[in-house]
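Notes to accompany the following structure.
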Amino acid sequence: MAKKEMKKILITGALGQIGTALLPVLIKKHGAANVVASDIKTGLPENISSAIHYENLDVRDATKLAEIIRQHQIDTIYHLAAILSASGEKNPQLAWEVNLRGTYNVLEVAREMDIFRVFVPSSIAVFGPDTPKENTPQDTILRPRTMYGLTKVAGELLGEYYVHRYGLDVRGCRYPGIISYEAPPGGGTTDYAVEIFYEAVKHRQYTCFVSAETRLPMMYMPDCLKATIQLMEADFSRLKHHTGFNISAMSFSAGELATEIKKHLPDFKYSFQPDYRQKIAESWPSSIDDSAAREEWGWEPDYDLAAMTNDMIKVLTQRQQQGLL
Ligand code: NAD
Ligand code: SER
């Protein structure tokens, strides 16, 4: 596994919630000239440096993917393009195509073109109603009920297959719901934990689409980025797992989140009106055992509910005062 070091990076799905936050981190670390952003969306938004290369790429198109890798001499891929859980239930056929075909294309092209390292994120959506709900173990029952979860299980297994069959260095962790202020989330079940902050700051009011009691594992973006970089830089020889590391930071119910926000914004009013996403949320764990990630690559989160809430409110309030919200 001792190929060349990370020099030229391609990110797929770079304009999504995580890609938008990961891009500046990778640019800072490796230089703008060494980062190529790609997405199915056309054009770079203004807040992303025009110094970086941008390519329109549908990950279902393996030929174009290979062309971009050849043209930019890519050696490392962060494969973030995906259709998330709620959007995936609206269009399961599209989720199958983008998530499975896309991941297969990335791994297959990476194998053919001797790519150094590939990051393919997984999700708590790999778990299902038969999985132990509390402190969900690393190695446990993976029988999801969503098309998104199904594609994530397949993605983990496929990545592991490429590690063992071809010696390709593939890594990934099971992100919990990610909370951030850089870009809006893109059609997930945990989106309420982001929307609630925007609505609380802008309108002091939010109707949540899961019940007050719904408790899910969540993580603040700085921890998500830390985990991603740390796993990508970990010593391969220390990894017993590769593509589906449990990672955990905090778990809270939707009601507890609303109460925490109200401590900062006392006039915040909220209610709960569960929709089709309630069933998806109920099929996922409440809390996660991340001891394998801690042991194998030193994972440790920095943010809990109070610290995350404090930061989110501070940043969004500043933006509102500047007329940017
Ligand atoms: P997102 O929906 O915000 O972004 C995904 C991006 O992929 C979008 O910019 C979209 O335009 C792009 N995309 C969609 N179809 C595409 C296609 N055919 N070809 C190329 N690009 C396409 O998602 P995110 O939150 O940034 O998630 C990134 C990764 O992390 C995904 O694999 C997701 O499953 C995983 N993940 C995210 C969370 C979370 O809470 N955000 C949690 C668990 C796992
Ligand atoms: N946050 C993601 C979703 O809700 C979990 O993978 O789909």
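Counting convention: from 1, in listed order, for ligands and their atoms alike.
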Can you list every protein residue that has a heavy atom under 4.0 Å from any atom of ligand 2, sorted by chain and residue number?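 Close residues (ligand 2, cut-off 4.0 Å): L84, S85, S123, Y148, G188, T189, T190, W284.
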
Ligand 1 versus [X]: contacting region, heavy-atom distance under 4.0 Å:
{"X": "A125", "answer": "neither"}
{"X": "P176", "answer": "backbone"}
{"X": "L57", "answer": "backbone"}
{"X": "V98", "answer": "side chain"}
{"X": "R174", "answer": "neither"}

Heavy atoms of V59 and N105 approach each other most closely as O-ND2, 2.9 Å

Taking all non-hydrogen atoms of both residues, which atom of R238 and which atom of W297 are closest, and how far apart? NH2-N, 4.2 Å

If you measure every N or O of [X] against every N or O of ligand 1, does any of those distances drop under 3.5 Å?
{"X": "I18", "result": "yes"}
{"X": "L84", "result": "no"}
{"X": "G16", "result": "yes"}
{"X": "K41", "result": "yes"}
{"X": "S123", "result": "no"}
{"X": "S122", "result": "no"}
{"X": "H79", "result": "no"}

Check this for me, if you would: do [X] and [Y] make a salt bridge, where the nitrogen-to-carboxylate-oxygen distance has to be below 4.0 angstrom?
{"X": "K41", "Y": "D39", "value": "no"}
{"X": "E256", "Y": "R215", "value": "yes"}
{"X": "K263", "Y": "E260", "value": "yes"}
{"X": "K226", "Y": "D302", "value": "yes"}
{"X": "R204", "Y": "D267", "value": "yes"}

Interatomic spacing from CG in D139 to CG in D289 - rounded to 0.5 Å: 10.0 Å

Element-labelled atoms of ligand 1 that are located less than 4.0 Å from some non-hydrogen atom of L15: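 Answer, ordered by atom number: 9 (O).
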
Suppose I only count heavy atoms of Y148 and a 4.0 Å limit; which atoms of ligand 1 are within that range?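 The atoms of ligand 1 under 4.0 Å from a heavy atom of Y148 are 33 (C), 34 (O), 35 (C), 36 (N), 43 (C), 44 (C).
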
Just checking, R111 and Y166: is the charged tip under 6.0 Å from the six-membered ring centre and within 45° of the axis?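 Yes, R111 and Y166 form such a contact.
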
Please determine if R171 forms a cation-pi arrangement with F119, meaning its NZ or CZ atom is less than 6.0 Å from the six-membered ring centre and no more than 45° off the ring axis.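 No cation-pi geometry.
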
Per atom 10 (C) of ligand 1, closest listed option by heavy atom (D39, L22, L94):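 The nearest heavy atom belongs to D39.
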
Could you walk me through whether T140 and T131 pass the side-chain hydrogen bond (donor to acceptor under 3.5 Å, both in side chains) check? CA-CA 7 Å; T140 186; T131 309; 5.3 Å; no

